[in-house]
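Shown next, in structure tokens, is the structure this report addresses.
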Amino acid sequence: MKAAILNKYDKNKIDLTITEVNKPVIKADEVLIKLTAAGVNPLDNMISRGEIKLIKNYKLPLIAGNELVGVVEAVGAGVTKFNVGDRVFARLPLAKIGAFAQYAAVASHALAKVPDYLTDIEAAAVPLTALTVMQALELMQVTAGKTIFISGGTGGVGAMAIPLAKSKGLTVVTNGNGRNRQQVLDLGADRFIDYKQEDYTKVLAEVGYVLDTLGGKHTAKQMTILKAGGQLVSLRGLPNGEFAKRMHFSKGKQLLFTLAGYRLDRLAARHQVKYHFIFVESNGDQLQEVADIFTKLKVKPLIDTAYPFEQVNQALDKVANGHSRGKTVLSF
């Protein structure tokens, strides 16, 4: 089969090599999937640049790619939830990625069935982003009736986060470019703030939860709008000691991440709020919950560009340097 291989870490040039490799052989708890599409994410570029080595240091060469859609071609002896012919999708387990290939062997616990109304291209935009949101909401232990602020809600994360937060009974406030106001309101947002017209820190206060998709200076700014005891989960901030413990890292790594996140933890303590960093993990049951919610609401992911598999490097460059208005996807 053809696969896109990462041969070396390089901070300056992301360049995968498409080559022929052996088709994977599945274990008892795995499913063999013939891919139809794969999502392309900033995470893929971060891995290629060696930026997540402290979280997961992959042995190279490596089949790249974290998110896939495909059809079940074979099931392991211990698999009961899936059958040959099922259309499935997944965020692959961190320990065994490899979505940029014609076939993949995937642990069945990472898989869910694709909603019938989604095309393969659309479905490829769902797992990683939607699971990130679900795990963030779980980490904050959200309670129906409270308010969440989703920063930068006009992007791909917002398109997932808004309907999922609404499904949990939350009041949703977000911000972004005014030209996307109606799109965001149509997704279910209760309030939209045009960042060119209003500063969210001036008009919001006593918010229960924040999903920080922006990072940088905004992580600290968003703490100021939370009420005492409020929770902030950042997708773009710095990992901290709590994150390292949650991931069951070694004591040495826990100390390292404690130091890395010290400033944000101290700032959160000053505001009497809680700061969390998240790195999305595979979870088939959670993804099936997403699929069921999306089926009811008929949520349509926003797709920017679908590249043929052979143009995987152009797709990665688009994610790294392009101005996307939605997800970049590979089509097999």
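The figures that follow rest on heavy atoms only: side chains count, while hydrogens, waters and symmetry mates do not.
From Ser282, atom OG reaches atom CG of Leu92 across 8.0 Å, with rounding to the nearest 0.5 Å. The line from CD1 of Ile97 to CG of Leu68 is 11.0 Å long, rounded to the nearest 0.5 Å. Distance check, rounded to the nearest 0.5 Å: OG1 of Thr171 to CZ of Arg191 gives 11.5 Å. Put simply, NZ on Lys196 and CG on Asn177 are 4.5 Å apart, with the number rounded to the nearest 0.5 Å. One finds the OG1 atom of Thr201 at 8.5 Å from the CG atom of Leu204 (value rounded to the nearest 0.5 Å). Atoms CG and CG, on Leu170 and Leu137 in that order, are 6.5 Å from each other to the nearest 0.5 Å.
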side-chain contact (heavy atoms from CB on, under 4.5 Å) between Val273 and Met223, intermediate numbers included: CA-CA 7 Å; Val273 301; Met223 289 182 189; 4.3 Å; yes
From CA spacing to verdict: side-chain contact (heavy atoms from CB on, under 4.5 Å), Thr147, Tyr209: CA-CA 6 Å; Thr147 298; Tyr209 314 105; over 6 Å; no
Intermediate values then yes/no, side-chain contact (heavy atoms from CB on, under 4.5 Å), Glu67 and Lys327: CA-CA 12 Å; Glu67 178 179 42; Lys327 188 85 169 201; 2.9 Å; yes
Test log, rule side-chain hydrogen bond (donor to acceptor under 3.5 Å, both in side chains), inputs Glu30 and Ser108: CA-CA 5 Å; Glu30 290 183 328; Ser108 62; over 6 Å; no
Pair Gln135-Glu281, side-chain hydrogen bond (donor to acceptor under 3.5 Å, both in side chains): steps then yes or no: CA-CA 8 Å; Gln135 289 167 22; Glu281 299 180 83; over 6 Å; no
Chi angles and distances behind the salt bridge (Lys or Arg N to Asp or Glu O under 4.0 Å) call for Lys168, Glu289: CA-CA 12 Å; Lys168 301 293 184 182; Glu289 185 183 349; 2.9 Å; yes
Check against side-chain hydrogen bond (donor to acceptor under 3.5 Å, both in side chains), Asn175 and Asp194: CA-CA 6 Å; Asn175 72 331; Asp194 184 339; over 6 Å; no
From CA spacing to verdict: side-chain hydrogen bond (donor to acceptor under 3.5 Å, both in side chains), Thr219, Asp212: CA-CA 6 Å; Thr219 305; Asp212 168 32; 2.7 Å; yes
Stepwise side-chain contact (heavy atoms from CB on, under 4.5 Å) test for Ile47 and Tyr58: CA-CA 8 Å; Ile47 290 172; Tyr58 290 104; 4.0 Å; yes
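A salt bridge is absent between Asp15 and Lys8; no separation between the charged side-chain nitrogens and carboxylate oxygens falls under 4.0 Å. Ion pair Glu242/Arg246 flagged as a salt bridge, since at least one NZ, NE, NH1 or NH2 atom sits closer than 4.0 Å to an Asp/Glu carboxylate oxygen. For the pair Lys2 and Glu20, the salt-bridge criterion is not met [side-chain N within less than 4.0 Å of a carboxylate O]. Salt bridge status for Glu206 with Lys146: absent, with no side-chain N to carboxylate O gap under 4.0 Å. Under the 4.0 Å criterion applied to side-chain N and carboxylate O atoms, Asp86 and Lys81 are not assigned as salt-bridge partners.
The number of heavy-atom neighbours closer than 6.0 Å to NZ of Lys245, taken from other residues, nucleotides and ligands shown, is 12 or below. Heavy-atom contacts from other residues, nucleotides or ligands closer than 6.0 Å to NZ of Lys27 number 12 or fewer. Within a 6.0 Å sphere centred on CD of Gln272, heavy atoms belonging to other residues, nucleotides or ligands number 12 at most. Crowding of Arg236 atom CZ: a count of heavy atoms from other residues, nucleotides or ligands under 6.0 Å not exceeding 12. Sparse packing is recorded around OH of Tyr262, with 12 or fewer heavy atoms of other residues, nucleotides or ligands lying under 6.0 Å away. Atom CG of Asp116 is surrounded by 12 or fewer heavy atoms from other residues, nucleotides or ligands within 6.0 Å. Residue-environment remark: NZ (Lys217) stays at or below the threshold of 12 foreign heavy atoms within 6.0 Å. When the shell of 6.0 Å around CG of Asn22 is examined, it contains 12 or fewer heavy atoms from other residues, nucleotides or ligands.
Shown are Leu226, Ile225, Thr224; of these, the side-chain contact (heavy atoms from CB on, under 4.5 Å) with His271 is made only by Thr224.
One hydrophobic cluster, built from ILVMFWY side chains closer than 4.5 Å, cannot hold both Val329 and Met160; they sit in different ones. Using a 4.5 Å cut-off between side-chain heavy atoms of Ile, Leu, Val, Met, Phe, Trp and Tyr, with links allowed through other members, Leu214 and Leu43 fall into different hydrophobic clusters. Linking Ile, Leu, Val, Met, Phe, Trp and Tyr whenever their side-chain heavy atoms come within less than 4.5 Å puts Leu54 and Leu264 in one cluster. Hydrophobic clustering of Ile, Leu, Val, Met, Phe, Trp and Tyr side chains at less than 4.5 Å, counting indirect connections, keeps Leu302 apart from Leu297. Tracing side-chain contacts under 4.5 Å through hydrophobic residues (I, L, V, M, F, W, Y), one reaches Ile52 starting from Leu316; they form part of the same cluster.
Ring centers of Phe257 and Phe249: under 6.0 Å apart, within the cut-off. Taking the six-membered ring for Trp and the full ring otherwise, Tyr195 and Tyr200 have centroids separated by 6.0 Å or more.
Although no hydrogens or angles enter the test, the distance criterion places a donor-acceptor pair under 3.5 Å between the side chain of Lys298 and the main chain of Thr295. Side-chain N or O atoms of Asn45 include none that pairs as donor or acceptor with a backbone N or O of Pro42 at under 3.5 Å. Of the possible donor and acceptor atoms, none in the side chain of Asn41 sits under 3.5 Å from a partner among the backbone N and O of Asp44. Not a single donor-acceptor pair under 3.5 Å links the side chain of Thr129 to the backbone N or O of Val157. Side-chain atoms of Asn180 do not come within 3.5 Å of backbone N or O of Thr154 as any donor-acceptor pair. Checked by atom type and distance alone, the side chain of Gln222 pairs as donor or acceptor with a backbone atom of His218 at under 3.5 Å. Glu122 places a side-chain N or O within donor-acceptor distance of the main-chain N or O of Thr119, the cut-off being under 3.5 Å. Side chain of Asn313 to main chain of Leu16: a donor-acceptor pair is present (N/O by atom type, distance under 3.5 Å, no hydrogens or angles).
Residues Arg87 and Asp120 form a side-chain contact, since some pair of their non-hydrogen atoms from C-beta on lies under 4.5 Å apart. You'll find the side chain of Val142 stays beyond 4.5 Å of the side chain of Gln231, heavy atoms only.
Smallest separation of non-hydrogen atoms from Ala123 and Val69: C-CG2, 3.6 Å. Annotation for Ala99 and Ala38: closest pair O-CB, 3.7 Å, computed over non-hydrogen atoms. Counting all heavy atoms, side chain and backbone alike, Arg91 lies closest to Val280 at NE-O, 3.2 Å.
Within the structure, ring pair (Phe, Tyr, Trp, His ring centres under 6.0 Å) pairs that include any residue of residues 272-312 comprise Phe243-Phe277, Phe309-Phe332 (at least two apart or interchain).
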